[in-house]
Trainee: 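Submitted below is the structure of interest, expressed as structure tokens.
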Amino acid sequence: DAGVTQSPTHLIKTRGQQVTLRCSPKSGHDTVSWYQQALGQGPQFIFQYYEEEERQRGNFPDRFSGHQFPNYSSELNVNALLLGDSALYLCASSLNRDRVNTEAFFGQGTRLTVV
Amino acid sequence: AQKITQTQPGMFVQEKEAVTLDCTYDTSDQSYGLFWYKQPSSGEMIFLIYQGSYDEQNATEGRYSLNFQKARKSANLVISASQLGDSAMYFCAMREGRVTDKLIFGTGTRLQVFP
């Protein structure tokens with residue numbers, strides 16, 4: 001049973017560029033959430049996708065956008081990268097069973113470095 | 001506002017001994033869930049244990065148990081018979097309600113197990 005997979009594992013981008021991170025949820029899961037984890041901090045919720053729509057959003061600017069595909073996989077896009085966007089980006093998936101979400105399982109993350 | 005507090009930046013424990021990692025939370029909701037995750041240096045967040053706010057008994061999963069004291073708003077993780085492989089960052093997290101997957105994380109505790 002494949003868990004949550006994220007790609008790429010590492011990425012280096014220049015300030016002002018755009019980046020796309022990808023996530024495939026655990027088999028059977030239909031909900032994907034994205035988190036940003038700065039060095040030495042706990043993860044911060046960015047947004048969550050269910051049924052191809054953004055269902056909830058954290059306190060992140062519009063430069064952060066996402067998408068969910070019919071196969072439940074998801075992308076996180078960040079435009080106009082800033083040095084402060086350097087972080088580990090984690091994807092978590094769960095199952096929306098009768099409007100009750102099961103426990104979230106995380107991927108190994110994408111480590112983004114902005115120079 | 002919802003908040004998770006982990007006051008121990010670092011903890012040391014000898015192999016085969018038990019250790020308690022502290023977590024307190026703040027919420028005005030009656031329905032919420034509490035989680036503990038382990039994050040090794042590889043970055044993946046590994047789900048350890050879950051406690052629902054209406055669960056009357058403390059959760060246990062193998063060597064992990066959660067000491068849930070609702071009136072004190074604490075959800076401490078107890079690891080029994082520590083192993084060298086338990087060395088990692090440990091995060092306490094809270095999910096409010098049951099529909100959303102938004103998790104609020106603490107700042108984490110780094111546990112080091114020595115022989």
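In what follows, chains are A, B, ... by sequence order, proteins preceding strands, each numbered from 1.
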Trainee: Between Gln6(A) and chain B, which part of the residue has a heavy atom less than 4.5 Å away: side chain, backbone, both or neither?
Mentor: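 No part of Gln6(A) comes within 4.5 Å of chain B.
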
Trainee: Check Arg57(A), Arg55(A), Gln68(A), Gln56(A) against Gln48(A) for a side-chain hydrogen bond (donor to acceptor under 3.5 Å, both in side chains) and give me the one that passes.
Mentor: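 Exactly one candidate clears the test, Arg55(A).
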
Trainee: When only heavy atoms count and the cut-off is under 4.5 Å, which of residues 57-68 of chain B reach chain A?
Mentor: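 The residues closer than 4.5 Å to chain A amount to none at all.
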
Trainee: Side chains of Ser73(A) and Asn71(A): donor-acceptor distance under 3.5 Å anywhere?
Mentor: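 Side-chain D/A pair, Ser73(A) to Asn71(A): present.
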
Trainee: According to a hydrophobic-cluster definition based on side-chain heavy atoms being under 4.5 Å apart (Ile, Leu, Val, Met, Phe, Trp, Tyr only), do Phe47(A) and Phe105(A) belong together?
Mentor: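 In one cluster: no.
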
Trainee: Name the residue from Phe91(B), Phe105(B), Tyr50(B) that meets the ring pair (Phe, Tyr, Trp, His ring centres under 6.0 Å) definition with Phe35(B).
Mentor: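 Among the candidates, only Tyr50(B) passes.
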
Trainee: Sort Ser42(B) into side chain, backbone, both or neither according to what part of it lies under 4.5 angstrom from a heavy atom of chain A.
Mentor: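 Just its backbone gets close to chain A.
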
Trainee: Within a radius of less than 6.0 Å around CG of Leu39(A), do more than 12 heavy atoms belonging to other residues, nucleotides or ligands occur?
Mentor: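 Atom CG in Leu39(A) is not crowded, with 12 or fewer foreign heavy atoms closer than 6.0 Å.
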
Trainee: Mark yes or no for whether Asn76(B), through its side chain, and Cys23(B), through its backbone, hold a donor-acceptor pair below 3.5 Å.
Mentor: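 Yes, Asn76(B) side chain to Cys23(B) backbone: donor-acceptor pair under 3.5 Å.
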
Trainee: If you count heavy atoms of other groups shown closer than 6.0 angstrom to CG of Leu82(A), is the number above 12?
Mentor: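 Yes, the 6.0 Å shell around CG holds more than 12 heavy atoms from other groups.
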
Trainee: Heavy-atom distances under 4.5 Å only: say whether Gln39(B) touches chain A with side chain, backbone, both or neither.
Mentor: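 Interface part for Gln39(B): side chain.
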
Trainee: Answer yes or no: does atom NZ of Lys3(B) have more than 12 heavy-atom neighbours from other residues, nucleotides or ligands under 6.0 Å?
Mentor: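 It does not: Lys3(B) NZ has 12 such atoms or fewer within range.
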
Trainee: Give the member of Pro43(A), Gly109(A), Gly107(A) that has the highest number of heavy-atom pairs under 4.5 Å with chain B.
Mentor: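 When all of Pro43(A), Gly109(A), Gly107(A) are compared, Pro43(A) has the most.
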
